[in-house]
Amino acid sequence: MSTPLKGVRVLELGQLIAGPFASKMLAEFGAEVIKIEPPEGGDPLRKWRLMHDGTSVWWAAQSRNKKSVTLDLRQPEAQQLVRQMIGEFDVLIENFRPGTLEGWGLGWEALHEINPRLIMLRVSGYGQTGPYRDRPGFGVVGEAMGGLRHLSGEPGRTPVRVGVSIGDSLSALHGVIGVLLALRHRDQNGGQGQMVDVALYESVFNMMESLLPEYSVFGAVRQPAGSSLPGIAPSNAYRCKDGKYALIAGNGDSIYARLMALIGRRDLAEDPALARNDGRVKQVERIDAAIGEWAAEHSLDEVLQALTEARVPAGKIYDVADIAADPHYQAREMILESQLPDGTPVKLPGVLPKLSASPGQVSAPAPTLGQHTDEVLSAMGVAPETLADWRARGII
């Protein structure tokens, strides 16, 4: 089956999360991704979090379908090699601090001159321009500057971070969108390549919904609200009889009426003042109290079954054990069975998004460090004796 990005070649110079996550998605839909790693240790992600046999199991998910080539980009020979090979690639992905590639002679202007069709995705904390461009910026900083951290947590308490690197992942998704748009422009509109400039804080800020217009019109500064969703009612987490929590989203007008009928509160269902969301928001404490009283009389399973039968959106709070065992995840092929290099079974996330005619796929496991160095460089015409010399000098 043909894949959407078959024939697209991607050179990945990034490391850790944002850049590599973007190239992972492109690889899953058919792009050939050559990942450049430093010879000493490789991508630091290889040593992040829980490790098996010396390598992070995260690596198996983040780097599948890629080829690993070791190059010390600080060395002039490696820099010249990149300039020689860039004409064979459609996309270059990097997430170094702005100016790093320029210092190696591998900046946008230099590479665009060599390959005018090149699309260069650059992911950084603050973008390639502006007064903050030179500051170091990880995902957590972008999450804070983008407005997310301020809204996380309970009112009056220390803001909490989301338990994953959401700023990096959102930046990767925006980067993939940018690459696909640039490919479309280049190939369908007779355009050249271009630079896609993605900033971590902007990727988070783009998710902030009505935050800015509400401030500009009303001077309203949205505050953290714990498990509720301010301005949309009812939508909250409710404690059940067994101590577990049900997430209930009864904020659609007809859904709200069904929910109130289910919990035996037709007075609230038939109150004209509560028929629309703006009215319900004014009395959200009263509505939440009624739902909470009902939930406290039933177990979580009983609550969810009743809500499903009443066609009210609801669910439990999943941990990863729930995810791994859930039949819907299995049916949607969101849990893939794979193996680590020594044969140890490992479950990995499925491929998204789901295309009906040309779906993405996992065609190769994550590479060992430098696994494809000789293969790729030999195909470029680098002689065996040169490879041996470079290896001895730590260039590859």
Side-chain angles (χ1 to χ4, degrees), residues 148-164 166 207-211 214 220 222-332 334-335 347 349:
L148 178 61
R149 180 65 72 96
H150 177 71
L151 299 179
S152 300
E154 299 288 341
R157 303 188 67 179
T158 302
V160 299
R161 74 170 298 167
V162 177
V164 294
I166 192 69
M207 302 291 103
M208 290 298 101
E209 301 177 347
S210 62
L211 208 66
E214 288 174 353
R222 191 186 300 186
Q223 299 298 323
S227 61
S228 68
L229 189 59
I232 303 174
S235 182
N236 213 328
Y238 303 90
R239 186 180 175 90
C240 301
K241 185 177 181 180
D242 52 10
K244 300 177 181 179
Y245 285 85
L247 299 176
I248 303 175
N251 43 285
D253 296 341
S254 59
I255 296 173
Y256 167 76
R258 293 197 299 272
L259 173 58
M260 293 300 103
L262 171 66
I263 69 174
R265 293 300 302 268
R266 291 196 174 275
D267 58 318
L268 298 178
E270 298 170 0
D271 186 341
L274 305 178
R276 300 288 180 267
N277 180 71
D278 56 345
R280 293 193 294 272
V281 168
K282 297 175 183 177
Q283 301 189 50
V284 65
E285 292 84 1
R286 177 186 176 200
I287 297 170
D288 274 344
I291 301 172
E293 290 173 3
W294 172 77
E297 298 173 351
H298 306 278
S299 70
L300 173 62
D301 289 343
E302 292 170 342
V303 167
L304 295 181
Q305 181 176 350
L307 291 167
T308 298
E309 292 173 354
R311 294 177 292 118
V312 175
K316 67 178 183 179
I317 299 172
Y318 278 56
D319 62 21
V320 70
D322 296 318
I323 290 172
D326 190 276
H328 194 78
Y329 270 85
Q330 298 287 345
R332 295 277 296 171
M334 286 309 301
I335 308 290
K347 297 180 185 294

At what distance, to the nearest 0.5 angstrom, does CE of Met260 lie from CG of Asp271? 11.5 Å

Are the charged groups of Arg222 and Glu214 less than 4.0 angstrom apart, N to O? yes

So does Arg311 get a backbone contact from the side chain of Arg258, meaning a donor-acceptor N/O pair under 3.5 Å? yes

Rounded to the nearest 0.5 angstrom, the CH2-CG distance for Trp294 and Leu259 is 7.0 Å

Short question: side chain of Gln330, backbone of Ala324 - any donor-acceptor pair under 3.5 Å? yes

Are Asp301 and Lys244 ion-paired here, with the side-chain N under 4.0 Å from a carboxylate O? no

Report the distance from atom CG of Leu304 to atom CD1 of Ile248, rounding to the nearest 0.5 Å. 8.0 Å

Residues Asp278, Arg276: salt bridge by 4.0 Å N-O rule: no

Quick one: do Ser227 and Asn236 satisfy side chain to side chain donor-acceptor pair (under 3.5 Å)? Show the steps, please. CA-CA 6 Å; Ser227 61; Asn236 213 328; 2.4 Å; yes

Roughly how far, to the nearest 0.5 Å, is the OG atom of Ser235 from the CZ atom of Arg280? 11.0 Å

Looking at Glu285, is its backbone amide N or carbonyl O close enough to the side chain of Asp288 to form a donor-acceptor pair, meaning the two atoms are under 3.5 Å apart? no

For Ser299, does its backbone N or O pair with a side-chain atom of Glu302 as donor and acceptor, under 3.5 Å? yes

Asn277 versus Tyr256, side-chain donor and acceptor atoms under 3.5 Å: no

Nearest-0.5 Å distance, OH of residue Tyr245 to CG of residue Leu300: 11.5 Å

